[in-house]
Amino acid sequence: MTTCNNELINCKIYTNKVFVYGTLMKDFCNYKRYLEGRISRITPGKTYGLLYHLPEGYPGLLPGSGIIEGEIVEPVDKKLLKSLDRLEGYNKGSSNNLYVRELRNILTEDGEEVPCWIYIYADEKYAKENGILVPDGNWRNFMKRKIDMSGL
């Protein structure tokens with residue numbers, strides 16, 4: 001219970017925005033599969049953390065102080081959010097999640113802070129031991145460099 005306007009009520013926060021930083025960004029596979037045709041707005045955004053490219057081919061965001069670049073997608077209704085939860089291996093109340101969904105303020109290019117859902121990778125040890133740190137916090141740039149280096 002939380003006190004809001006001097007009344008004791010159960011305050012639930014709901015937002016229809018999700019901050020994405022990996023395969024759900026525009027032009028990547030899971031954007032096409034989950035978001036294309038279902039959202040109407042994409043806004044560049046930034047948050048803080050450490051970003052690792054995992055051996056499975058997708059990124060994991062960990063707590064940290066680096067700048068992470070991504071996209072705010074909206075509107076995300078409850079049905080779509082449940083689909084994203086399944087994709088991200090998140091089940092509310094479970095202790096065995098691949099990612100944990102949390103509410104975080106994301107900074108837009110115009111300096112506005114926007115509350116968004118964000119998925120944080122749950123296994124910090126695995127990411128640090130097996131992943132590749134994305135030093136600039138931009139997975140799109142990381143993947144472009146990786147493709148350029150492979151000569152594809």
Task: Given Tyr58, Phe28, Tyr52, the one that forms ring pair (Phe, Tyr, Trp, His ring centres under 6.0 Å) with Trp139 - done: Phe28

Open item on the list: What I'd like to find out is whether the side chain of Arg140 reaches to under 4.5 Å of the side chain of Met25, using heavy atoms alone.
Closed with: yes

Open item on the list: A side-chain contact here means heavy atoms from C-beta on lying under 4.5 Å apart; do Thr47 and Ile118 qualify?
Closed with: yes

Open item on the list: Does Tyr48 have more than 12 heavy atoms from other residues, nucleotides or ligands lying within 6.0 Å of its OH?
Closed with: no

Open item on the list: Tell me which pairs pass side chain to side chain donor-acceptor pair (under 3.5 Å) where either residue lies in residues 18-28, with sequence neighbours left out.
Closed with: Thr23-Asn30

Open item on the list: Has Asn138 got a side-chain atom pairing as donor or acceptor with Asn141's backbone, closer than 3.5 angstrom?
Closed with: yes

Just distance, no hydrogens or angles: give the donor-acceptor pairs under 3.5 Å from side chains in residues 31-40, sequence neighbours left out.
from  : atom 1 : to    : atom 2 : distance (Å)
Arg38 : NH1    : Arg33 : O      : 3.3
Arg38 : NH1    : Tyr34 : O      : 3.0

TODO: Can you sort out the partners of Thr108 under side-chain contact (heavy atoms from CB on, under 4.5 Å), two or more places apart, ordered by chain and number?
DONE: Thr43, Ile72, Asp110, Glu112, Val114

Open item on the list: Are Val76 and Trp117 packed together at the side-chain level, in the sense that at least one heavy-atom pair is separated by less than 4.5 angstrom?
Closed with: no

TODO: With the side chain counted from C-beta on, respond yes when Ile120 and Tyr99 share a heavy-atom pair under 4.5 Å apart, and no when they do not.
DONE: no

- [ ] State, with a plain yes or no, whether a side-chain heavy atom of Leu54 is found less than 4.5 Å away from one of Tyr121.
- [x] yes

Task: Note, Glu88 side chain near Leu98 side chain (heavy atom, < 4.5 Å) - done: no

Task: Min side-chain heavy-atom separation Asp85-Tyr119 under 4.5 Å - done: yes

